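Here the structure is laid out as structure tokens; the discussion comes afterwards.
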Number of protein chains: 2
Amino acid sequence: MANLHLNVSEVLDHISLDCVIFGFHDNELKVLMLRLKHTNAYALPGGFLKHEETLEQAAERTLKERTGLDNIFLKQFKVFSDPNRDKLKKDNPEFLKNEPPEVVAFFNKRFISVGFYALVEFSKVDPQPDALSEACEWISPFADVEMFIDHKDIIDKALTTLRIQLNQQPIGLKLLPRKFTMPQLQKLYETILGRELDRRNFQRKILSYKILNKLNERKTGGAHKAPFLYEFNRESYKQALEDGLSGIW
Amino acid sequence: MANLHLNVSEVLDHISLDCVIFGFHDNELKVLMLRLKHTNAYALPGGFLKHEETLEQAAERTLKERTGLDNIFLKQFKVFSDPNRDKLKKDNPEFLKNEPPEVVAFFNKRFISVGFYALVEFSKVDPQPDALSEACEWISPFADVEMFIDHKDIIDKALTTLRIQLNQQPIGLKLLPRKFTMPQLQKLYETILGRELDRRNFQRKILSYKILNKLNERKTGGAHKAPFLYEFNRESYKQALEDGLSGIW
DNA sequence: TCAAAAGTGTTTCAAATACACCCATGG
DNA sequence: CCATGGGTGTATTTGAAACACTTTTGA
């Protein structure tokens, strides 16, 4: 059974990072998580900081390992530094049972963890478990499952941040496939905001920003009337976000 | 000459924090900074993380030491983790010349620094230099002075964050004295936003939130017509911020 | 052929903006 | 007595919200 191959001298003590990787599929928001070996708990993909890296580079590296993707949209949102936050780790080191002693010792130090959230296009992700986990899978951020130490808190905080930053960050652009329908975009906004929006007002408002190109294609295959496909106009979207999408949904 | 009396075994390696302490005085935004000994550079008040502390507690401790104040409004806004960020420190260790070798060695490690911003009532602060600095004083966040390593970047980022969070955080409440005038409050908003606002519209809008109590007093002593004094209605202000002061200035 | 989803348009109401006049004060 | 800053009011424009009808589709 493969172990972590973590060279503890390559990374800084006391500092870790956790990534809340958001995807959007079947009109639902998802988070990519690891199911830890020998436990039922889910954990966020995370990692440690190498000597010559920034935290952003370390997060990118982690993302690449779990999703296969480069150039992911990534943002720090909070540092979790409760000295008791990793208490559970010491009580439940089951998932470390195949690791060498120096790795176990390293894990048992106190860590402050920098939370990042990432936005990825669901269909492009190839989920890769790490050596400490049995599976890497998408679950609902609202799912009531057992989570490693404070990872539930980290997800909740990421969601709150996402909600607040919905009008300042290219959330739609990063979470949806290149071509998408208006109802899809609306569902995305609704999921993040946690409330329903009026279909017609939503469309009018989002179109008024001139950040979408309407395509001469419709999404076929679904039941009911075929909706048009849209794509983001990357130029104007970028510009619009710099000004802030002035409204609040 | 007093030295730091830093017991390096009490704090974690590699982790520091810096506080951008905002105050408002003479209708101008100010930042509390230290002037480092034996250099011309200004540095942000900062500190290290003790083993049993959260970062927030460590920041509070730092704030208490520099300002004499407790219960300060404090918020994390970013972690600065460029591996070269403290390069200058190694080139210019002048301000450490009275420190024992273990302290110098500690300072020469790589640090990632968690940025906090704090909002304080200017007149209540009693600025206290630390052992490494000659003075602790208020300067303009826009001042073009020499700053320690990346502290200018940290201030800029704090300002940007403050601007974005102006409608979500109790910024007025924390920065102004208990009684203040409408023009003062407006100047505060204008300074943070970096643009002018219409006097009459500002007043109408801020009053519409019902977060101010108009007092039966006027601010005397100034030239020209004496403006009324207001105070925040803490109950409704708190409530309003939870909902977000829906507008954007 | 009909239920359910999607396209499109109008009316209404609230908020942001622009603008004007009067009042008080110290120099 | 007047320049400056402060108090208060109104008309206009803009955008958000509420709401209705028609079209397309697969079951």
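We name chains A, B, ... by the order of the sequence lines, and we start the count at 1 in each one. Keep in mind that what you see is a predicted model, and the values were worked out from it rather than measured.
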Atom-pair distance ([atom1] on [X]; [atom2] on [N]), nearest Å:
X: B:Leu215; N: D:dG6; atom1: CG; atom2: C1'; answer: 17 Å
X: B:Lys205; N: C:dA18; atom1: NZ; atom2: P; answer: 12 Å
X: A:Arg199; N: C:dA5; atom1: CZ; atom2: P; answer: 10 Å
X: B:Leu212; N: D:dG7; atom1: CG; atom2: P; answer: 13 Å
X: B:Asn27; N: D:dG5; atom1: CG; atom2: P; answer: 12 Å
X: A:Leu207; N: C:dG7; atom1: CG; atom2: P; answer: 10 Å
X: B:Phe202; N: D:dT8; atom1: CZ; atom2: P; answer: 15 Å
X: B:Arg218; N: D:dG7; atom1: CZ; atom2: C1'; answer: 8 Å

Test side chain to side chain contact (heavy atoms under 4.5 Å, CB included) applied to [X] - qualifying residues, sequence neighbours left out:
X: B:Phe73; result: B:Lys75, B:Tyr117, B:Leu119, B:Gln169, B:Pro170, B:Lys174
X: B:Phe122; result: B:His25, B:Lys30, B:Trp138
X: A:Asp153; result: A:Asp150
X: B:Ser140; result: B:Phe142, B:Ala143

Counting C-beta onward and ignoring hydrogens, is there a side-chain heavy-atom pair between A:Lys37 and A:Leu132 closer than 4.5 Å?
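No, every pair of side-chain atoms sits at 4.5 Å or beyond.
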Under a 4.5 Å cut-off applied to non-hydrogen side-chain atoms, are A:Pro45 and A:Leu63 in contact?
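No. Closest side-chain heavy atoms not under 4.5 Å.
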Check salt bridge (charged side-chain N to carboxylate O under 4.0 Å, His left out) between [X] and all other residues, then give those that pass, not counting sequence neighbours.
X: A:Lys187; result: A:Glu190
X: B:Arg204; result: none
X: A:Glu121; result: A:Lys124

D:dT8 phosphate, OP1 or OP2, under 4.0 Å from B:Lys214 side-chain N/O:
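Looking at the OP1 and OP2 atoms of D:dT8, one of them is under 4.0 Å from a side-chain N or O of B:Lys214.
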Write down the protein N/O and nucleotide N/O pairs, taken from nucleotides 10-13 of chain C, whose separation is under 3.5 Å; answer none if there are no such pairs.
residue : atom : partner  : partner atom : Å
C:dT10  : O4   : A:Arg204 : NH2          : 3.1

With sequence neighbours left out, write down each residue that passes side-chain hydrogen bond (donor to acceptor under 3.5 Å, both in side chains) with A:Gln128, or none if nothing qualifies.
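Once residues adjacent in sequence are excluded, the partners of A:Gln128 under the side-chain hydrogen bond (donor to acceptor under 3.5 Å, both in side chains) criterion are A:Asp126.
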With no angle test and no hydrogens, is the base of D:dG7 tied to the side chain of B:Arg200 by a donor-acceptor pair under 3.5 Å?
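By the distance-only test, no, there is no pair.
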Position toward the 5' end of DNA chain D (nearest nucleotide), B:Asp198 or A:Gly221:
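With B:Asp198 and A:Gly221 compared, the 5'-side residue is B:Asp198.
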Not counting sequence neighbours, list each pair that qualifies as a salt bridge (charged side-chain N to carboxylate O under 4.0 Å, His left out) and has a residue in residues 226-236 of chain A.
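Sorted pair list: A:Arg178-A:Glu231.
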The helix from C:dT1-D:dA27 to C:dG27-D:dC1: angle between end helix axes, five pairs per end, rounded to 10 degrees:
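Result, rounded to 10 degrees: 10°.
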Nucleic acid contacts - residues 222-230 of chain B versus DNA chain D, non-hydrogen atoms under 4.0 Å:
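Result for residues 222-230 of chain B: B:His224, B:Lys225, B:Pro227, B:Phe228, sorted by number.
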